[in-house]
Structure formats: structure tokens, C-alpha cells
Amino acid sequence: MRRWVFLPLFLAGCAALYILQRSNASAPITPRPLLYIVADTQREAERIPLALTRVSDQEEIKVGQKIAMDYGLPSQHSDNPDVARISAYLNSVGDKIAEHVQRKAIPYHFYVQDDRNLVNAFALPGGHIVVGRGLLELIESEDELAAVLGHEITHVDNRHAIGSLQYELASRKIGLGEAYQIGRPAVEVFEAGYTKDQELEADRVGLGLAVAAGYSPAGAVALLRRFQQLEPADTQRAASPIEEFAEVPFSALAEYFRSHPPASERRAALEGEISARGWDSSRPLRPLGIRMIFLSDAGERLNRAGNFQTSIERFKEALTLDPTYVRAWRGLAAVSWRSGDARETARAEEEAIRRGAVGLDWPFLARALAASDPKNGLSRLTALEEGAYGNTVYGVPAVNDSFRSAKVNQAGFEFLQGNKNALADFQAILRDAPQTPSIQAAALYVMAWWTYRAGKLDVAEKELQNAHQILPGYGGVDLQLAWVLTDLGRQADAETLVDSPKQIDRAERQALQAVLKWRTEDRQGAALQFEAAARTDPVWMVPGYVENNYSNAAASVIKQLQAGESARRLKEMQERRRRLVQR
Ligand SMILES: [Zn+2]
């Protein structure tokens, strides 16, 4: 009966948590105390004895399927290759553990919820186990994952999940057959966790299943030790350790700790169990076979944030685990380019192509080779293009748009090296290409960059004007033309182009405006614009990136703006320190 009183509060708690998670992933203030009350009262409520009829395995499977369908469990077959890989991995590890359950009639299915705000795992009756991507990010070995899956399997095998559902249904006076009627809150019952005794039992028995499947019990201990480090002693000390662990949003972590007993207590209980059972903890932990995916996620986030060095470390760690993981090679190429390292960019992009990367970005590779290896870059480019399109690697027809893009960039490379035939070669490519506006404009746009880099500003201008005429508003053409015009000393003409297409890179537009102001003697306006550009994208503070992408004339202006911005930041820091000392 008491349960009736708690139900609205419990649901309100779930709603608050849900809103918190969706609206602000890094909220510094959390409703943790309230959620604790909600969870505790719920746990207490579940201790109230209630005569429950024993549900048969067949009935449990049926009701579990209904709830799973109602919840819309993520498909185990995803179009996203990473999600498909995670799902396959979860099932391969989970199946090994599920072999050792008591209730053999229950079939187990493992799902990844592709949401990094879900730092949790839960089990539905009937053997549906869901693991959030946020929790997977924190797991470093297969043995740790085995402990997590063993824990969730035990919630099913030992009837915690079906029991919890029965309480929920009894409190609403509806029968098992109508379970699907309660909708999404039904899943929140399982997400919210169980009584403390049930949680500790799931830890203990679940680890037994993992050990029986050949995993080291040290995995569970290692994971709980990591949770202990993350578990906030109080809500004040919220954000500090997050970056260490792939920048998991704090509110998402808080949810995990709310729904489980303290990690220190769980760890102590497990260490007791391990020594009582005489389980061997000495075996080395097996690497997590999907960890390169999460390391690459972190690498991409860090690259965007301008933390290039740490980003490079993450991608390299991913490649140490799996050198065939193309996404990490491409990520490494991207961050290397942004950090100004053209040599590493070319090397990583070449590796990606050799390992079968699709959607090749020839201008990117060609620019990296031109900047890092003027002597052999062209032959490396040609070799890759022939490898990729000479029917040797993919078996695709030799003539297609990407092939043409490769040729355009080869001609561009030759142009940069002063080859007299390069321009004629390029014109021949244009003539042979389909006369489709988008293909012609794209080719002109790519070619114009090379002529701009070679300092042939009049040629570049003509090419870009042509591209603009063929396809007005073609992505990037106006901005590129503005860079050419400012080098030609036509600041007013450039100015009108900068503002036109709003969809182009905001930081680049701000940087170009800074250059224009600098060249019209508005030094203060230039500094302000450049400060904005560097704030929008930290890449604008990297001299090597600017050198590799822009003309020498533009790069020398930007370097002066960078020096000014560095000086301003230093002064700001010193002032802040002085104010701190005075206080
Ligand atoms: Zn649990």
C-alpha cells in the first residue's frame, strides 16, 4: 500500500533526471540528494513483503519481449559500422557468460544504447540486456565488461528484474499480460536499480558467471576502483576528474552512482568474495576489443576543442590496439593537419587509403604531400591514385569523379612545382570531364587553390570567377575568391564577398575579416576579429596550419595577428594572477 505514495515521487524523480540529462550534459548542480531520496524510498518499498506468484520462464520471456518492443530496443543490426561492431562484441562476450546461468530457458540478447549520456546498464525481464555507450567509454578491458554483463545477467537469472516488474504491476493493480501498457516508465523501473542486497548479489553472482566463462575477477575490481575515483564525495567536487575518463558528462555519471551502492562498498564485498572462493586474480586482463572506437570518439572531440596533443595521443592509442581501424588513421590525419604537422597528415592519410578508406579526400592528401614532401610527394600521390583506382584495390571503374579529382590535384601539384604544362593539363581535364555545373565548378575550385598557393593570383581569380558563374554560391568559392582579392590589394571587393554565404566556416570568415582590417590599417578591429576567430576555432593560433593552407602574403599577416593574440592572452593571464594575489 505504501508504494502508492512513492510512485508519483519516483516518476517525478525519473522525469527530473531525464530532463537534466537531455538539457544540460555538463550541469554543475545536480538534483542528487533528491534522487537519492527517491532511490532509497524505492528500495525500501521493495523490501515490503508482497505475496508474488512465481512467473514461469515462458511468461517472463513473453512479457520481456513486449516491454522490449514497447521501449524500442536499439536494433542489433546498425548501419553505423561502429555501433554494429559494438553490438556484435557485446553479444560475443555476453553469450559466453550466459552459458553459465541457472535458468537455461531464458535466451539472452545484448544491445548497445548509442548515447554517451547513458552511463549505465540495465536488464529487462526475459534476458534483454542494454548497455549505454557512456558506460562502455569507461571500460578498459574485456574482463571489466564481462563483470558488467555478468551483473546484469544475474538481475535476470535471480529474478530481480521480473520481481521488480511484479511489484510495479501490483502497485498499479494491473496484470502481467498488460505490462506493456505502462510504457516507458516500465523501463525506468529497471534503469533505477534494485535493492542494495540485490545489487551486491548481482555483483557477487555475476562475477562468478564471468569467472566460470574464463575471465579474470580482477576486471570487476579494476572497474570499481575507477568508479571510486569518479564517485563524487559531495556534489561540490563535480567536474575535476572527468577529462581523465574521456570527458563523460558529470550528470550522466551521477545517475550511475545514484542507482548503485557506493563503489568502495561493492569493491570490498567483491574482494572478500574473490578470496573466499579462491579465484585467481593474477591473470592479465584482456584488452577491450572495441576500445579503439571510444578512443577515436575522444580524439575527435579533443581535436574540435583544439586540444591537439591529447587528441593525437588518443588516436595513436587506438591504433596500437587496432592498426586496421581506418577511422583512427583518418582522425589522426585530420588532427595532424590542424596541428600544423603536414608530414604526419600525409603518412596517416596514406595508411587510411591503403587500408581501404572510402570517400577519399584527394585535395587534402595532395596538400599535405605538397607541404611535407615537395620532392617525392607527386609520385606518392600518383602511386596511391593508381593503387586506389587502377582496379587493384577496390575494383571500381578507373574513370569517375574521384578519379578526376585525383588528376586535378596532380596537375595542381605540378603547377606548384613550376611545370609549364600543368595549366594545359588542367584545361584538358576540364574539357574531358562531364560538363555538369557541379563537377566543373568543383574542379575549378580545387585548381584555384593550387594557383593561389603558387602565387598566380590573376589565374586563381579567373578560375574562381568562372566557378562562380557556372554555379553561383558553390560552397567555399566566394570565400576563396575573397582570399585571392585581399592579396591582390582589392580589400573592398573582398569585403563584399566575405559576408555573402553565411553557411561557410565561421572562424575562417572571422580570420579573413581580421586580415582585411589589418590591411586597411584598422589594427584594433583586426585584433578583435582575430580574437573571435581563435575563440571559435583554436586552429587559428597554429602557425603551421596557416602556412600550409594560405598564401605566404596572407600567412605573414596572420602570424602577426597570432603574435598579438598571444601577447593579449599572456597579459590577461598575468592580470588575473595579480588580482588573485591582491585578494
Ligand atoms: Zn544492478
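All ligand and atom numbering here is 1-based and tracks the order in the structure.
Aromatic pair His160/His151: centroids not less than 6.0 angstrom apart.
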Handout entry: Tyr89 and Glu142: CA distance, side-chain angles, deciding distance, side chain to side chain donor-acceptor pair (under 3.5 Å) verdict
Key = CA-CA 10 Å; Tyr89 187 73; Glu142 191 170 305; 2.6 Å; yes
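With a cut-off of 2.8 Å, the Zn ion (ligand 1) has an N, O or S atom of His155 in range. When distances to the Zn ion (ligand 1) are checked against a cut-off of 2.8 Å, Glu199 contributes an N, O or S atom below that limit. Distance check for His260 against the Zn ion (ligand 1): none of its N/O/S atoms falls below 2.8 Å.
Atoms CG and NZ, from Asp157 and Lys104 in turn, are 8.5 Å apart once rounded to the nearest 0.5 Å.
If you check the side chains of Asp341 and Ser339, you find no donor sitting under 3.5 Å from an acceptor.
Sorting the N, O or S atoms of His151 by how far they are from the Zn ion (ligand 1) puts NE2 first.
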